[in-house]
Asks: 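One structure, pasted below without further comment.
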Protein chains: 2
Amino acid sequence: MTAFSPNLMARPDCAACPIRHRAVCARCEADELAQLEKIKIYRSWKAGETILFDGDPMDFVGSVVTGCAMLTRRLEDGRSQMVGLLMPSDFLGRPGRSTAPYEVSAATDLTLCMFRRAPFEKLLVEVPHIRDRLLEMSLDELDAAREWMVLLGRKTAREKVATLLLLVLRRSSLPISGVARADLPITREAMASYLGLTIETVSRQMSRLRADGVITLEGLRKVSAPDLEALALAAGEDSDGATIA
Amino acid sequence: MTAFSPNLMARPDCAACPIRHRAVCARCEADELAQLEKIKIYRSWKAGETILFDGDPMDFVGSVVTGCAMLTRRLEDGRSQMVGLLMPSDFLGRPGRSTAPYEVSAATDLTLCMFRRAPFEKLLVEVPHIRDRLLEMSLDELDAAREWMVLLGRKTAREKVATLLLLVLRRSSLPISGVARADLPITREAMASYLGLTIETVSRQMSRLRADGVITLEGLRKVSAPDLEALALAAGEDSDGATIA
DNA sequence: CGATATCTTGAGGGCGATCAAACGAAGTGG
DNA sequence: CCACTTCGTTTGATCGCCCTCAAGATATCG
């Protein structure tokens with residue numbers, strides 16, 4: 001039993017929330033948090049479950065509390081491209097739109113802190129700290145999407161895979177350490193979907209990176225990189241290692 | 001001499017502005033417009049000129065009034081990917097960031113309605129109509145970027161070219177007419193940069209679309225499509241023809 | 001009319017997709 | 001405990017789309 005068990009209560013205490021200082025509520029004062037607390041509700045999904053289909057009515061917005069969510073768009077003939085990978089604290093949904101423009105699914109077991117859209121939009125008007133944070137997060141997402149456009153349009157398969165591993169390692173492992181390690185939140189299929197590749201190509205490039213000593217794999221899901229600089233090099237990143245978002 | 005000649009005056013009258021009802025100022029009342037008018041300044045560039053290099057200080061934001069601007073990101077080895085094509089009324093820059101995360105250049109002769117960042121950020125706090133519109137436009141841009149990710153990751157060269165032509169024809173030609181026509185605002189090289197292709201592939205696919213009767217070309221820059229449905233089909237679009245943004 | 005940039009077309013090669021099969025892990029039931 | 005299934009992953013062989021390199025055509029401008 002942990003101190004924060006979202007699955008066991010509808011409205012855990014915001015003060016103990018793991019994403020309290022990074023989510024859309026990051027800048028809220030205690031009284032503002034109380035307003036959010038009144039309209040929030042937790043809900044969880046199992047890995048692999050679909051939360052919404054493209055075109056479904058979407059009468060809520062919310063934050064990823066734990067786990068990972070995927071945003072996927074499909075072409076008519078079945079081709080699909082993941083257009084977003086939401087990690088804890090990321091925001092899902094958009095005020096002012098009532099229909100999902102992509103499919104939303106749970107990459108891992110997932111818990112969302114959800115707000116019905118109408119009352120949330122009301123808070124957006126009344127609480128500057130929420131509104132300002134949402135604008136900032138939206139602009140960050142836009143930058144991240146543009147960064148991903150470079151990957152999709154110009155990077156090689158090896159660079160694509162290395163870039164994704166670097167992203168996961170940077171975001172979910174301890175910030176500074178000799179060896180970075182993390183659990184891959186997504187399957188090879190989802191990796192392929194996000195990278196604009198096939199599953200076979202992803203698998204081959206993972207094997208090559210491992211053979212080259214850039215990464216180490218334990219089981220299928222645990223990755224580590226003895227030298228993040230080497231991984232960044234394989235990712236074709238700017239030398240300073242700076243990322244936009 | 002037209003009624004609205006941005007090149008000839010520093011602060012043309014907002015009331016006569018061609019983008020008055022679509023830009024970041026779209027929702028402003030007369031008094032709010034007056035506040036913007038006080039801090040705005042026009043500036044123009046010739047086609048091909050670079051406005052900002054990646055990493056340059058960016059102490060302004062603004063709207064495209066006439067012409068087209070390109071946002072381009074580069075990898076170290078010279079590969080480059082256009083990550084945004086700004087048309088009249090689109091917003092350039094971001095409050096809260098002082099450095100350009102991409103190169104900005106003029107695709108065509110271009111005029112911007114610019115605001116220094118500091119006073120604009122002040123208005124963002126004081127004028128809800130500007131702030132709300134900026135959030136809306138940012139979310140639209142995010143949707144458009146994600147749509148483009150599908151193109152970059154999953155579409156064929158033919159579909160990519162058709163999609164871009166469709167975008168240009170839909171946005172710059174008369175909305176409903178038997179034959180849609182427009183001037184291409186960008187060179188083949190810029191098209192290639194935006195589509196994640198080479199210039200040769202773009203050229204070949206243009207020729208194929210012409211040979212197939214999907215488009216007609218007069219000179220290098222004038223395109224028309226006798227049947228937008230056929231072009232949409234070539235673009236691999238959803239049957240309902242709906243686009244996100 | 002020549003100079004230069006831009007665009008088109010052609011020939012050949014490589015990277016990633018496709019098709020196919022083997023492998024490994026996790027779960028089920030006898 | 002072990003066959004058996006199932007699903008995800010890895011590896012192999014081949015194909016084709018788009019890139020690369022190269023030359024020629026067309027537009028633009030002095």
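A, B, ... follow the sequence lines: proteins, then strands. Residue 1 opens every chain.
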Asks: Mind checking if T187(A) touches a base, just sugar-phosphate, or nothing, with heavy atoms under 4.0 Å?
Replies: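 Sugar-phosphate, no base atom in range.
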
Asks: Closer than 4.0 Å, any side-chain N/O of S207(A) to the OP1 or OP2 of dT11(D)?
Replies: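 Affirmative; the distance criterion is met.
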
Asks: Considering only side-chain heavy atoms of Q205(B), which listed nucleotide, dT9(D), dC18(D), dA17(C), is closest?
Replies: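 The listed nucleotide nearest to Q205(B)'s side chain is dC18(D).
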
Asks: Would you call R73(A) and D143(B) a salt bridge, taking side-chain N to carboxylate O under 4.0 Å as the test?
Replies: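 Not counted as a salt bridge, because no side-chain N and carboxylate O are separated by less than 4.0 Å.
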
Asks: Within a strict 4.5 Å, meaning less than it, do heavy atoms of the Q81(A) and L75(A) side chains meet?
Replies: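 Contact flag for Q81(A)/L75(A) side chains = no.
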
Asks: Which part of the nucleic acid, if any, lies within contact of E189(A), taking any heavy atom under 4.0 Å across all strands shown: a base, the sugar-phosphate backbone alone, or nothing?
Replies: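 Sugar-phosphate only.
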
Asks: With a 4.5 Å cut-off on side-chain heavy atoms, are F91(A) and L86(A) touching?
Replies: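 Of all side-chain heavy-atom pairs linking F91(A) with L86(A), none is under 4.5 Å.
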
Asks: Is the phosphate of dC18(D) approached by T201(B) (side-chain N or O, under 4.0 Å from OP1 or OP2)?
Replies: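 Result: no.
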
Asks: Which nucleotide in the list dC7(C), dG16(C), dA20(C) gets nearest to the side chain of A157(A)?
Replies: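 Looking only at heavy atoms from C-beta outward on A157(A), the closest nucleotide is dG16(C).
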
Asks: How about S44(B) and T111(B): does a side-chain donor come under 3.5 Å of a side-chain acceptor?
Replies: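 Looking only at side-chain atoms, T111(B) and S44(B) do form a donor-acceptor pair, the distance falling under 3.5 Å.
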
Asks: Under 4.0 Å between a side-chain N/O of R188(A) and OP1 or OP2 of dT10(D), yes or no?
Replies: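 For dT10(D), OP1/OP2 do have a side-chain N/O of R188(A) under 4.0 Å.
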
Asks: Nearest to the side chain of T156(A), which nucleotide is it out of dG16(C), dT9(D), dC7(C)?
Replies: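 Of the options given, the side chain of T156(A) lies nearest dG16(C).
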
